Amino acid sequence: MIQVYKTTEELSKAAADLFVQAAQEAVQANGRFTVALTGGSSPEQLYRMLAQPPYRDLVPWQQTFVFWGDERWVNLEDDRSNAKMAFTTLLHHVPVPQEQVFPMWGEGEPEEFAIDYEKKLQSHFANMPAQFDLVLLGMGDDGHTASLFPGTPVLKERERWVQAYYLEPQSMYRITLTAPCLNQARKIVFMTYGEKKAKALQEVLQGEHNPETYPAQLIQPQQGETVWLVDEAATSLLTAQP
Ligand SMILES: O=C(O)[C@H](O)[C@@H](O)[C@H](O)[C@H](O)COP(=O)(O)O
């Protein structure tokens with residue numbers, strides 16, 4: 001499903017409405033809400049909205065569990081940290097219990113951390129019919145999502161849920177949920193806006209199936225639903241307006 005908005009404000013409000021709806025439905029059904037946050041700049045306006053009334057007071061924060069879809073392997077004080085951005089814009093302003101928030105950052109080696117993070121997820125989702133109630137994703141202008149970058153080995157991962165790898169072009173380690181993990185979500189919401197994204201969006205949604213080049217094509221939830229929240233500029237190359 002693709003929903004087109006004129007402004008990022010309207011797009012972020014729609015994302016906030018979806019966030020509240022997913023949270024309330026999950027808590028009603030299972031007594032808890034498990035979400036994977038994205039990094040990058042696209043979700044910042046959404047996070048700031050969720051930290052303010054009315055949205056702040058509509059989310060059952062006490063029953064909310066926060067993970068991340070991906071992270072740059074930098075410490076939590078580093079401005080490149082996805083966790084730092086989410087803490088600054090949202091998590092320090094809402095009553096989510098600290099022990100229910102799992103940043104993708106720790107001491108030691110990224111590969112070991114990825115194994116531990118996967119174990120945390122496996123125990124969190126044990127005996128549950130699906131995994132994340134909601135996964136928020138962005139998309140880069142190269143068609144990457146989470147830290148699933150074009151041409152990287154992690155795109156071929158079919159078993160593991162979390163992988164750490166060294167991303168040469170950015171000279172840093174990345175930690176990421178894999179496509180098999182993301183695709184077990186109940187709902188996946190992409191927030192993608194701006195002219196820069198138009199070419200990648202057209203390729204991802206309407207181009208040849210080529211996930212090596214456009215990894216966002218790997219996001220095909222088995223039972224869940226994918227919603228694309230986009231603006232008019234990002235849809236400018238789509239052949240039929242959605
Ligand atoms: O760690 C990251 O960089 C993000 O998780 C990444 O996947 C992001 O969603 C895209 O790069 C889009 O970034 P923007 O929202 O800044 O365009």
Side-chain angles (χ1 to χ4, degrees), residues 5 7-9 11-12 14-16 19 35-50 66-76 78-91 102-105 110 113-114 117 132 134-152 154-155 157 162-179 181-183 185 188-205 211 213-219 226-231 233-236:
Y5 297 91
T7 66
T8 56
E9 166 118 19
L11 188 154
S12 302
F19 191 102
V35 60
L37 298 182
T38 182
S41 56
S42 298
E44 284 189 36
Q45 195 169 17
L46 162 65
Y47 295 166
R48 293 185 196 284
M49 281 182 182
L50 291 172
V66 180
F67 294 87
W68 269 262
D70 76 313
E71 185 58 279
R72 301 87 181 266
W73 189 247
V74 292
N75 68 48
L76 292 175
D78 190 308
D79 285 343
R80 295 169 297 174
S81 161
N82 290 335
K84 178 178 182 180
M85 184 271 283
F87 277 113
T88 308
T89 55
L90 173 59
L91 299 172
F102 304 94
M104 272 184 173
W105 164 251
F113 180 88
Y117 206 80
F132 289 99
L134 176 65
V135 169
L136 298 176
L137 289 175
M139 185 188 74
D141 55 12
D142 61 354
H144 84 263
T145 189
S147 284
L148 304 173
F149 281 86
T152 55
V154 70
L155 302 183
E157 179 57 53
V162 189
Q163 282 280 22
Y165 71 99
Y166 189 73
L167 184 62
E168 283 294 340
Q170 296 185 6
S171 308
M172 66 160 67
Y173 270 92
R174 289 278 185 141
I175 309 266
T176 188
L177 300 187
T178 60
C181 176
L182 293 165
N183 284 332
I188 297 178
V189 174
F190 278 93
M191 287 173 285
T192 300
Y193 51 80
E195 185 67 39
K196 263 189 332 137
K197 308 290 178 78
K199 175 67 184 138
L201 190 67
Q202 191 275 332
E203 289 289 350
V204 166
L205 295 181
T213 308
Y214 293 102
Q217 287 183 340
L218 290 170
I219 304 306
T226 302
V227 178
W228 285 84
L229 303 181
V230 298
D231 71 349
T235 60
S236 57

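Just so you know, ligand 1 is whichever comes first in the structure, and atom 1 is the first atom listed for that ligand. Just so you know, these numbers come straight off a predicted model, no measurement behind them.
- Shown in contact with Arg174 at under 4.0 Å from a heavy atom are these atoms of ligand 1, numbered in order with element: 1 (O), 2 (C), 3 (O).
- A distance-only check finds no donor-acceptor pair linking the side chain of Asp231 to the backbone of Thr7 [under 3.5 Å].
- Residue contact check: Thr38 has heavy atoms under 4.0 Å from atoms 5 (O), 9 (O) of ligand 1.
- The nearest protein atom to atom 5 (O) of ligand 1, hydrogens excluded, is given as Asp70 OD1, 2.6 Å; this is a heavy-atom distance.
- Geometrically, ligand 1 and Ser41 share a nitrogen or oxygen pair separated by less than 3.5 Å.
- Among all protein heavy atoms, the one lying closest to atom 17 (O) of ligand 1 is Lys197 NZ, 2.7 Å.
- Against a heavy-atom cut-off of under 4.0 Å, Gly39 is close to the following atoms of ligand 1: 4 (C), 5 (O), 9 (O).
- At the shortest separation from atom 10 (C) of ligand 1 among protein heavy atoms lies His144 NE2, 3.4 Å.
- Residue-ligand proximity, Asn82 to ligand 1, at heavy-atom distances under 4.0 Å covers atoms 1 (O), 2 (C), 5 (O).
- Protein heavy atom nearest atom 3 (O) of ligand 1, with residue, atom name and distance: Arg72 NH2, 2.8 Å.
- Aromatic ring orientation, Phe102 versus Phe67: parallel (interplanar angle below 30°, classes split at 30° and 60°).
- Using a 4.0 Å cut-off between charged side-chain N and carboxylate O, Lys84 and Asp79 make a salt bridge.
- Looking only at heavy atoms of the protein, atom 7 (O) of ligand 1 is closest to Ala146 O, 2.6 Å.
- Residue, atom and distance of the protein heavy atom nearest to atom 15 (O) of ligand 1 are Ser42 OG, 2.6 Å.
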Go through Asn82 and Met104 one step at a time and tell me if the side-chain contact (heavy atoms from CB on, under 4.5 Å) criterion holds.
CA-CA 9 Å; Asn82 290 335; Met104 272 184 173; over 6 Å; no
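- Distance from atom 13 (O) of ligand 1 to its nearest protein heavy atom, with residue and atom name: Gly40 CA, 3.9 Å.
- Between Phe149 and His144, the ring planes are parallel. Angles under 30° get that label, and only those over 60° would be called perpendicular.
- The aromatic rings of Tyr173 and Tyr166 sit perpendicular to each other, their planes meeting at more than 60°, with 30° as the lower class boundary.
- Qualifying salt bridge (charged side-chain N to carboxylate O under 4.0 Å, His left out) partners for Glu157, counting only residues two or more places apart in sequence or in other chains: none.
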